[in-house]
Structure formats: structure tokens, C-alpha cells
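Some notes on the structure that comes next.
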Amino acid sequence: MTTLNRPCAPDGHTCGIDTAMEVIGGKWKVLILWALHEHPCRRFGELRRLVPGVTEKVLASHLREMEADGVVHRVSYDEVPPRVEYTLTEAGERLNEALQPLAAWGRERQTGLRPEEETDGRPASTAR
């Protein structure tokens, strides 16, 4: 996904998070990364089943963008019928590792905050 350059920096990015969000921005990209991490070397149809709700058009578009960003590797085999497989690159694996704390935060959020993190509706660091 390409973002418009901002005048803040020569490359248009204000920080590392801004750069990372350019690569993983969008509703489906993180889920595609997760699917390829959990199920390496998948074909398009398999990915579509692993990411329920994504349309073929959006999946194809995101895979092209992720390939251009260097996080997904696409291999096309010269067979009949044609076969194309997608895997994570080393950069894609590192990106998945970087997203692990975010996934842990999301799991905690699903089950509610841990008691040591909240007292009387305020974070423990500010509660008295």
C-alpha cells in the first residue's frame, strides 16, 4: 500500500512505525502474514480459505503489494494447470516476529485486562 509522502522527512516517513504501517496497512495484510507463517508455502486458493472474508481481488492486490515490499515471495511453476505458491521472505518472518507483542496484546484485550494492570478503572501506575 503506498502512502502519500509527507514533507516531514526526505523519504516521506516520520518514524519507523510509519514505514512499517506502509507495509502492513490495510485490513487483510497482517492476516495474510499470519496465514503464511502458520501455513508456509500456500497457493492462492488455500490462502483465500485461510483468510475468510477477503475477496479474490483484494487478496491478489495485497499479495502483489507484499511481494513488492519484499515480505512475500511468489513462485510460479510452468505447469498445466498453472501453479503459483506464496511464502514469507526472511523480511516477512522478521515482520511476523515483530508483530508477536501486538498479537499478545490483542489476546489480552479479548479476555479482558489482567488484574495487576487495572485498579478502579485506572491503570495500576496511576491508581492509588
* To do: Take Leu50 and Arg42 through the side chain to side chain contact (heavy atoms under 4.5 Å, CB included) test and state the conclusion after the steps.
  => CA-CA 10 Å; Leu50 289 170; Arg42 292 294 159 179; 4.2 Å; yes

* **Chi angles and distances behind the side chain to side chain contact (heavy atoms under 4.5 Å, CB included) call for His73, Leu88** => CA-CA 6 Å; His73 181 69; Leu88 290 178; over 6 Å; no

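For the atom pair Tyr86 OH and Leu47 CG, the distance stands at 8.0 Å (nearest 0.5 Å). In this structure, NZ in Lys29 is found 10.0 Å from CG in Leu63, a value given to the nearest 0.5 Å. Rounding to the nearest 0.5 Å places CZ of Arg107 at 9.5 Å from OG1 of Thr111. Distance check: Arg109 CZ to Leu102 CG gives 12.0 Å after rounding to the nearest 0.5 Å.
Taking a cutoff of 4.0 Å between a charged side-chain nitrogen and a carboxylate oxygen, Glu85 and Arg74 do not qualify as a salt bridge.
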Please report, to 0.1 Å, the donor-acceptor pairs under 3.5 Å made by any side chain of residues 92-99, with sequence neighbours excluded.
from: Glu93; atom 1: OE1; to: His37; atom 2: ND1; distance (Å): 3.4
from: Asn96; atom 1: ND2; to: Leu33; atom 2: O; distance (Å): 3.1

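Side-chain heavy atoms closer than 4.5 Å link hydrophobic residues (I, L, V, M, F, W, Y) into clusters, and following such links, even through other members, never connects Trp34 to Met21. In terms of hydrophobic clustering, with Ile, Leu, Val, Met, Phe, Trp and Tyr side chains grouped at heavy-atom distances under 4.5 Å, Val30 and Val72 are assigned to a common cluster. In the hydrophobic clustering of this structure, Trp28 groups with Val71; members are Ile, Leu, Val, Met, Phe, Trp, Tyr whose side-chain heavy atoms approach within less than 4.5 Å, directly or through other members.
Using a 4.5 Å heavy-atom cutoff, the side chains of Thr87 and Pro40 are not in contact. Between Thr55 and Leu59, every side-chain heavy-atom pair lies at or beyond the 4.5 Å cut-off. Side-chain contact between Glu56 and Phe44 is present, with at least one heavy-atom pair separated by less than 4.5 Å.
Within the hydrophobic cluster formed by Ile, Leu, Val, Met, Phe, Trp and Tyr side chains joined at under 4.5 Å, directly or through other members, Tyr77 is accompanied by Val75.
Under a cut-off of 6.0 angstrom, the local environment of CD in Glu38 is crowded, with over 12 non-hydrogen atoms contributed by other residues, nucleotides or ligands.
Looking at every heavy atom in both residues, Glu22 comes nearest to Asp69 through O-OD2, 4.4 Å.
Glu46 contributes a side-chain N or O that, together with a main-chain N or O of Arg43, makes up a donor-acceptor pair within less than 3.5 Å. Judged by distance alone, with hydrogens and angles left aside, the side-chain atoms of Thr89 form a donor-acceptor pair with the main-chain N or O of Gly70 at under 3.5 Å.
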